[in-house]
Amino acid sequence: MRAEKGNKVYTITEEQKEYYQNDGFDIFSDDGEIIAYGTGKNVPYEKYAALKKENEVLKEKLAETETPQVDEKPEESKTKSAKK
């Protein structure tokens with residue numbers, strides 16, 4: 001298993017996993033799949049602002065595609081049952 005943060009890469013054991021994760025390292029399996037993300041990470045403001053703008057645009061597109069539902073009553077049966 002590997003712990004990676006920036007340009008630092010360490011080979012670690014299961015016992016060391018929590019320590020490195022708490023120190024901000026991402027933990028990867030030997031196959032290269034992410035096991036856990038490091039704690040205490042921050043997102044750069046530029047990336048946050050770009051994602052916020054994209055979210056607003058997508059919300060506007062969603063609002064445009066949603067159409068209000070029209071209350072339609074089912075047609076009443078034109079034939080009446082005959083009384084016996």
Side-chain angles (χ1 to χ4, degrees):
M1 153 178 343
R2 293 185 335 261
E4 297 183 13
K5 179 179 177 183
N7 63 348
K8 298 176 185 176
V9 179
Y10 299 107
T11 303
I12 62 170
T13 64
E14 185 68 34
E15 293 80 25
Q16 296 171 315
K17 176 182 163 186
E18 186 177 348
Y19 171 78
Y20 279 95
Q21 185 179 2
N22 290 338
D23 203 26
F25 284 79
D26 294 333
I27 310 299
F28 292 88
S29 70
D30 293 330
D31 299 330
E33 296 178 18
I34 187 100
I35 296 174
Y37 291 100
T39 57
K41 291 190 172 192
N42 294 326
V43 176
Y45 181 77
E46 293 81 20
K47 188 172 184 178
Y48 167 77
L51 290 173
K52 184 176 179 182
K53 183 176 180 180
E54 180 183 1
N55 188 20
E56 291 172 358
V57 170
L58 292 173
K59 283 183 179 180
E60 289 174 7
K61 286 183 180 180
L62 179 63
E64 291 173 3
T65 59
E66 290 180 343
T67 57
Q69 295 181 355
V70 178
D71 291 335
E72 294 183 20
K73 295 181 181 178
E75 291 185 26
E76 294 181 22
S77 176
K78 294 183 181 181
T79 59
K80 293 183 180 179
S81 59
K83 293 183 180 180
K84 291 186 181 180

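Just so you know, these numbers come straight off a predicted model, no measurement behind them. This chain uses plain numbering: 1 for the first residue, then up along the sequence.
In terms of heavy atoms, Arg2 sits closest to Asp30 at NH1-O, 4.4 Å. Across every non-hydrogen atom of Gly38 and Asp26, the tightest pair is N-OD1, 2.9 Å.
Listed by chain and residue number, nothing satisfies the side chain to side chain donor-acceptor pair (under 3.5 Å) test with Asn22 (two or more places apart in sequence, or in another chain).
Classified by interplanar angle (parallel below 30°, tilted 30° to 60°, perpendicular above 60°), the ring pair Phe25/Tyr20 is perpendicular.
No chain of hydrophobic side-chain contacts below 4.5 Å, direct or via other Ile, Leu, Val, Met, Phe, Trp or Tyr residues, connects Val9 to Ile35.
In terms of modelled atom types and a separation under 3.5 Å, the side chain of Gln21 and the main chain of Tyr37 share a donor-acceptor contact.
Within the model, atoms CG of Asp23 and CD of Gln16 stand 12.0 Å from one another, a figure rounded to the nearest 0.5 Å. Once rounded to the nearest 0.5 Å, the distance linking CD of Glu4 with CD1 of Ile34 reads 8.0 Å. Taking CD1 from Ile12 and OH from Tyr19, the interatomic distance works out to 11.0 Å, rounded to the nearest 0.5 Å. Note: Thr13 OG1 to Glu15 CD = 4.0 Å, rounded to the nearest 0.5 Å.
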Contacts table for residues 47-56: side-chain donor-acceptor under 3.5 angstrom, sequence neighbours left out:
none

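Other residues, nucleotides and ligands contribute over 12 non-hydrogen atoms within 6.0 Å of the NZ atom of Lys41.
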